[in-house]
Structures are given as C-alpha cells and as structure tokens.
Amino acid sequence: MTTTLTHSGSDGERPARSTMKDVAQLAGVSVKTVSRVVNGEPGASAVVRERVLRAAERLDYRHNLGASTLRRKDARSGIVGALLQDVGNSFSAGLLRALEDTLRPSGLSVLAASLDEEPERERDIVSDLVARRADGLVLMPASHRHEYLLSERRAGLPLVFVDRRPHGVDCDSVTIDNQLGADLATAHLIAGGHQRIAMLSDLHEIETAQERIAGYRAALDKAHLGFDPELLVHSVRSEDEAARVIAGLLGTADPPTAFVTGRNIITIGAVRALRAADVARKVALVGFDDFPLADLIEPALTVIRQDVRRIGTEVGRILLDRLAGDSGPPQHVVLEPTLVRRGSGEIPPPA
C-alpha cells in the first residue's frame, strides 16, 4: 500500500517512502518478520527472507537505521565521526580515504567534518555526533585541552586522536614524529651546503607546528649554525600568505638560499613565489607533507612524506579493536616520516 504526500512548496505530489508495514503486506508476513530480516536477526526461514527482500526491492524500501538503533541492545549506529582540520586538504583527504577503506568492510560509515582550527566548532560537532549515537570519534583537534571529552571516555565511547596528541584525557592516538621530519629536512639542506635556511610554519600554538620548529632549530644547533629569528616565520595560513613571505625574504640584503615549509599549503605558495622570482632552480626547497603532482613540478619537489594511508589504517584498526571490546590501556602510535629526494631540495647554494 502506498500513500501520497503533498510536497510543500510544489504543485505536484510524490509517493511517501515505503514502510515496514507496506513490505509486510506485499510479502504476506508480519511486520516483526520484516524487522527480523532487515536487521539481520535470526528467526526467518530462507524462503521467507527471500520473499521479504524481493518485496522490499519492489517497493524501494529503505531501512531506517536511526529507528533500529534505538531498538538494538548494543545501540550501534554504524557511524564513525571523523573531525579533521580541512577535508579538502590532500593530507586530510588521504587519511579519510584510508580510514573509510579500513572501516567499511565492518559495516561502518564515516561522517567527516572540517574544524578549521576553531575549538568551539570542534566542541559543537562532537556534541552533535554524540547525540546522534556515533559509535566512535576520530579527532584532529583544534582545541588544546580535551577534558571536555572525559565524560564520553568514561561512557566507553572510542576516541582516537590523529596527527595531534590528546591533552587532559588519556585515549588512543596516532601521530608522526614531527620533530624528526623537520630535522631531516633541515639537515638535508645543511648537508647540501646551505647555511641561510628559512622556515615557514603554521600557527605557533598548533602542537605539530611547534614540533616542526623544534626539529628545524635542532638541526641548526647540531650543525653549529646560529639561529636567525628573521628566518623563522610562523602563523602562515594560506598559499598567498606563503608567497608573500617568500617574496619578502628573497628581497632582503642577505636572502636565504633554502627554505623548509611546514605544511603542504605553504609549500605550494612557496613554489609559486620562487617561480615568480625566477629562482625555482636556484633556491632549494623541502616541503613537509607530500601531495598530488608534487613530482611533476619543475623542479620536482623534495618532501618529508607522512605515510597517510598507514596513519588512516592504524586509526581504523584501533577503532575496530575498541568496538570489538578491547579495554586495554590507550595506544599511542608514533610513525616515522621519510625524506623523499626529487630535486628541489638538492639545489646547491650559490658558489
């Protein structure tokens, strides 16, 4: 049986979505039997199950997952929330795909959101996902303290931090050794003969930015090169801003001969500035984070690569373990980045 509903704001009418009652009537079974079949519960024979599924297909029936969640004893929604800084960024997009590929075979869907370094936005989205009974949360936090998650932690909600560690709540995390990565980048340029090495970094209050700056300075210290505060520029948030900073540094009386850029967006801005100044083959560049087409730029980009797929896979593995009942102590996985030499980081300083 199908009824019609007048569509508000439209001259026409459209059929209402089919219900379990409609399926039961067409299949000649009870509503309870339809419920058992669509929820994957035992109690229906193979013949009856096939009849119900054929009826559901004929009626274009779509199971109401929200309603079934309220009825199920485990109260699972089948949804994992992934709160990343910018899902449009290649790093976040790659991580999200790896996470989805890991969770999907277990029947879990990923609901993603961008935080844009806004702590209030983070708390609002977390609250919304908890209200929607998300089975777990993956968080690349914008906030610096995370005690607000303590009640969810005590309630048993799986929480996995990614890229940044939790503070104020002890839960699982997957990060990389950011200090090591920046140390590798800077030391590589020093080994190539550079002494005037500038670094462009993200917001100073971001933990990953602090760690990468520490790696940059550690490499300078190990090489006994003095730190010049004029060569460290933080709080660079966009490609255009990065390009302006690079142009300004190149215009100084004693310009840097090499750059370390602390994020893929900053690296793209740096490439544009070096090309605009016609020094792309004269000034060395090592970027933090790989990204699509980085190997096709001229010269091809030398980068510090994070294994984004492995990061997402590790996050998914931990989530699945927690959902399966693992109640062990929090895991803190730290992965090592790698230096990928392609050409831009191997340009020597002027003779």
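Keep in mind that the numbers below use all heavy atoms, side chains included, and drop hydrogens, waters and symmetry copies.
The closest side-chain heavy-atom distance from Leu137 to Val80 is not below 4.5 Å. Side-chain contact between Thr175 and Val162: absent, with no pair of heavy atoms (C-beta onward) separated by less than 4.5 Å. Using a 4.5 Å cut-off on side-chain heavy atoms (C-beta onward), Val38 and Met20 make contact. For the pair Thr267/Asp289, no side-chain contact is recorded, criterion being any heavy-atom separation below 4.5 Å from C-beta on. Residues Leu115 and Leu139 form a side-chain contact, since some pair of their non-hydrogen atoms from C-beta on lies under 4.5 Å apart. Inter-residue side-chain proximity for Ser344 and Val286 is flagged as unmet; no heavy-atom pair is nearer than 4.5 Å. Proximity of Ser92 to Leu95: side-chain heavy atoms (C-beta onward) are nowhere separated by under 4.5 Å. Using a 4.5 Å heavy-atom cutoff, the side chains of Gln195 and Pro349 are not in contact.
Counted within 6.0 Å of CD on Glu205, heavy atoms from surrounding residues, nucleotides or ligands total more than 12; the atom is thus considered enclosed. Remark: Arg49 CZ is packed, more than 12 non-hydrogen atoms of other residues, nucleotides or ligands lying under 6.0 Å away. Remark: Arg237 CZ is packed, more than 12 non-hydrogen atoms of other residues, nucleotides or ligands lying under 6.0 Å away. At most 12 non-hydrogen atoms from other residues, nucleotides or ligands lie less than 6.0 angstrom from CZ of Arg104.
Ion pair Asp172/Arg322 flagged as a salt bridge, since at least one NZ, NE, NH1 or NH2 atom sits closer than 4.0 Å to an Asp/Glu carboxylate oxygen. Between Asp183 and Lys222 there is a salt bridge, since at least one side-chain N of the basic residue sits less than 4.0 Å from a carboxylate O of the acidic one. Between Arg342 and Asp295 no salt bridge is recorded (no basic side-chain N to carboxylate O distance below 4.0 Å). At a threshold of 4.0 Å, the pair Asp240-Arg244 does not count as salt-bridged, since none of the basic side-chain nitrogens sits closer than that to a carboxylate oxygen. Ion pairing of Arg51 with Glu57 is absent here, as no side-chain N (NZ or NE/NH1/NH2) approaches a carboxylate O to less than 4.0 Å. Under the 4.0 Å criterion applied to side-chain N and carboxylate O atoms, Asp228 and Arg196 are assigned as salt-bridge partners. A salt bridge links Arg97 with Asp101; the closest basic N to acidic carboxylate O contact falls under 4.0 Å. Ion pairing of Arg281 with Glu298 is present here, as a side-chain N (NZ or NE/NH1/NH2) and a carboxylate O approach within less than 4.0 Å.
To the nearest 0.5 Å, atom CZ of residue Arg305 and atom CG of residue Asp290 are 4.5 Å apart. Within the model, atoms CD1 of Ile318 and CG of Leu159 stand 12.0 Å from one another, a figure rounded to the nearest 0.5 Å. Rounding to the nearest 0.5 Å gives a distance of 15.0 Å between OH of Tyr216 and CZ of Phe288. With rounding to the nearest 0.5 Å, the separation of CD in Gln306 from OG1 in Thr338 is 9.5 Å. Within the model, atoms CG of Asn89 and CG of Asn264 stand 4.0 Å from one another, a figure rounded to the nearest 0.5 Å. The CD1 atom of Ile213 sits 10.0 Å away from the CD1 atom of Ile206 when rounded to the nearest 0.5 Å.
Met140 and Val126 fall into different hydrophobic clusters, where Ile, Leu, Val, Met, Phe, Trp and Tyr are joined by side-chain heavy atoms under 4.5 Å apart, directly or via other members. Under a hydrophobic clustering in which Ile, Leu, Val, Met, Phe, Trp and Tyr are joined whenever their side-chain heavy atoms come within less than 4.5 Å, directly or via other members, Leu323 and Val174 fall into the same cluster. Val160 and Leu83 fall into different hydrophobic clusters, where Ile, Leu, Val, Met, Phe, Trp and Tyr residues are linked whenever their side-chain heavy atoms come under 4.5 Å apart, directly or through other members. Note: the hydrophobic cluster containing Val283 does not contain Ile347 (ILVMFWY, side chain heavy atoms under 4.5 Å, direct or indirect links). Val31 and Val37 fall within a single hydrophobic cluster, where Ile, Leu, Val, Met, Phe, Trp and Tyr are joined by side-chain heavy atoms under 4.5 Å apart, directly or via other members.
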* Could you check Leu200 against Val260 for side chain to side chain contact (heavy atoms under 4.5 Å, CB included), going step by step and ending with a plain yes or no? => CA-CA 6 Å; Leu200 276 64; Val260 174; over 6 Å; no
* side chain to side chain contact (heavy atoms under 4.5 Å, CB included) between Phe91 and Leu84, worked out -> CA-CA 10 Å; Phe91 174 80; Leu84 309 178; over 6 Å; no
* Stepwise side chain to side chain contact (heavy atoms under 4.5 Å, CB included) test for Phe161 and Val315 -> CA-CA 8 Å; Phe161 280 63; Val315 170; over 6 Å; no
* **Test side chain to side chain contact (heavy atoms under 4.5 Å, CB included) applied to Ile190 and Leu220, step by step** => CA-CA 8 Å; Ile190 293 171; Leu220 294 177; 4.2 Å; yes
* To do: Tell me, with the steps shown, if Arg132 and Asp128 meet salt bridge (charged side-chain N to carboxylate O under 4.0 Å, His left out).
  => CA-CA 6 Å; Arg132 294 173 186 271; Asp128 184 51; 3.0 Å; yes
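Using modelled atom types, no side-chain atom of Ser109 and backbone atom of Ile79 make a donor-acceptor pair closer than 3.5 Å. Here the side chain of Ser127 pairs no donor or acceptor atom with the backbone of Asp124 at under 3.5 angstrom. Between the side chain of His144 and the backbone N or O of Pro119, no donor-acceptor pair lies under 3.5 Å. Proximity of a side-chain donor or acceptor of Glu122 to a complementary backbone N or O of Ala142 within less than 3.5 Å is detected. Between the side chain of Glu211 and the backbone N or O of Thr208, no donor-acceptor pair lies under 3.5 Å. Thr33 places no side-chain N or O within 3.5 Å of a backbone atom of Val29 that could act as its donor or acceptor partner. Without hydrogens or angle criteria, His146 side chain to Ser143 main chain gives a donor-acceptor distance under 3.5 Å. Here the side chain of Glu239 pairs no donor or acceptor atom with the backbone of Ile265 at under 3.5 angstrom. Judged by distance alone, the side chain of Ser77 and the main-chain N or O of Arg133 form a donor-acceptor pair under 3.5 Å.
Counted by atom type alone, Asp170 and His332 present one or more donor-acceptor pairs between their side chains at under 3.5 Å. The closest side-chain donor-acceptor pair between Glu147 and His167, if any, does not fall under 3.5 angstrom. Side-chain contact of Gln85 with Ser114: a donor-acceptor pair under 3.5 Å is absent, judged by distance alone.
In this pair, His234 and His204 present their aromatic rings tilted. The plane angle is within the 30 to 60° band.
Shown here for Glu241 and Ser238, the closest heavy-atom pair between the two residues is N-OG, 3.1 Å. Closest non-hydrogen pair, Thr186 versus Ala219, comes out as CB-CB, 3.5 Å. Among all heavy-atom pairs drawn from Pro166 and Cys171, the shortest one is CG-O, 3.8 Å. Ala98 and Thr102 get closest at one heavy-atom pair: O-OG1, 2.8 Å. The two residues Ser201 and Ile266 come nearest to each other via the heavy atoms C-CD1, 3.8 Å. Nearest heavy-atom pair, Pro337 versus Leu184, reported as atom, atom and distance to 0.1 Å: O-CD1, 4.1 Å.
Both tests hold for Arg123 against Tyr148: distance to the six-membered ring centre under 6.0 Å, angle to the ring axis within 45°.
Partner of Asp202 under the salt bridge (Lys or Arg N to Asp or Glu O under 4.0 Å) criterion, out of Arg164, Arg263, Arg212: Arg263 alone.
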